[in-house]
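Just the heavy atoms: all of them, side chains too, but no hydrogens, waters or symmetry mates, feed the values below.
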Amino acid sequence: VTISEVFPTRIRAQCAALAVAINRAASAACALCFLSLVDVMTPSGLFFFLSIGSAGAAVFFYALLPETRGRSLEEVEQEFAALAMVAASRKAGEV
């Protein structure tokens with residue numbers, strides 16, 4: 001999957017720039033914290049901690065993201081828009 005397949009055409013450039021900025025910030029944070037965390041947790045402890053986080057993320061994505069194979073970006077966008085409207089109507093009903 002390339003970044004052009006993920007974002008709608010009308011906002012693709014802005015989303016790509018934001019994705020690159022977040023990626024760079026996350027990479028910098030990892031690079032700055034890695035050696036300090038290795039000193040505190042030992043290398044094997046740190047990698048075990050990171051593997052637990054990765055496994056948790058995989059479970060989260062598998063459980064909460066819908067299957068999009070064989071569907072166009074517009075179809076997926078409509079599904080998320082419908083879910084957002086349902087959530088907004090629930091929130092409005094609670095207030």
Quick check: is [Y] connected to [X] through a chain of hydrophobic side chains (ILVMFWY, heavy atoms under 4.5 Å apart)?
X   : Y   : value
L35 : L37 : yes
L50 : I52 : no
F60 : L65 : yes

Could you tell me which non-hydrogen atom of F49 sits nearest to which non-hydrogen atom of M41, and how far apart they are?
CB-CE, 3.6 Å
Mind checking what makes side-chain hydrogen bond (donor to acceptor under 3.5 Å, both in side chains) contact with R24, not counting sequence neighbours?
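R24: no side-chain hydrogen bond (donor to acceptor under 3.5 Å, both in side chains) contacts found.
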Considering only Ile, Leu, Val, Met, Phe, Trp and Tyr, and joining two whenever side-chain heavy atoms are under 4.5 Å apart, list the other residues clustered with L83.
V76, F80
Using modelled atom types and a 3.5 Å cut-off, is there a donor and acceptor pairing between side-chain atoms of T68 and backbone atoms of R71?
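Checked: no pair found.
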Enumerate the side chain to side chain donor-acceptor pair (under 3.5 Å) contacts for residues 27-48, please, sequence neighbours excluded, ordered by first and then second residue.
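Listed once each, the pairs are N23-S27.
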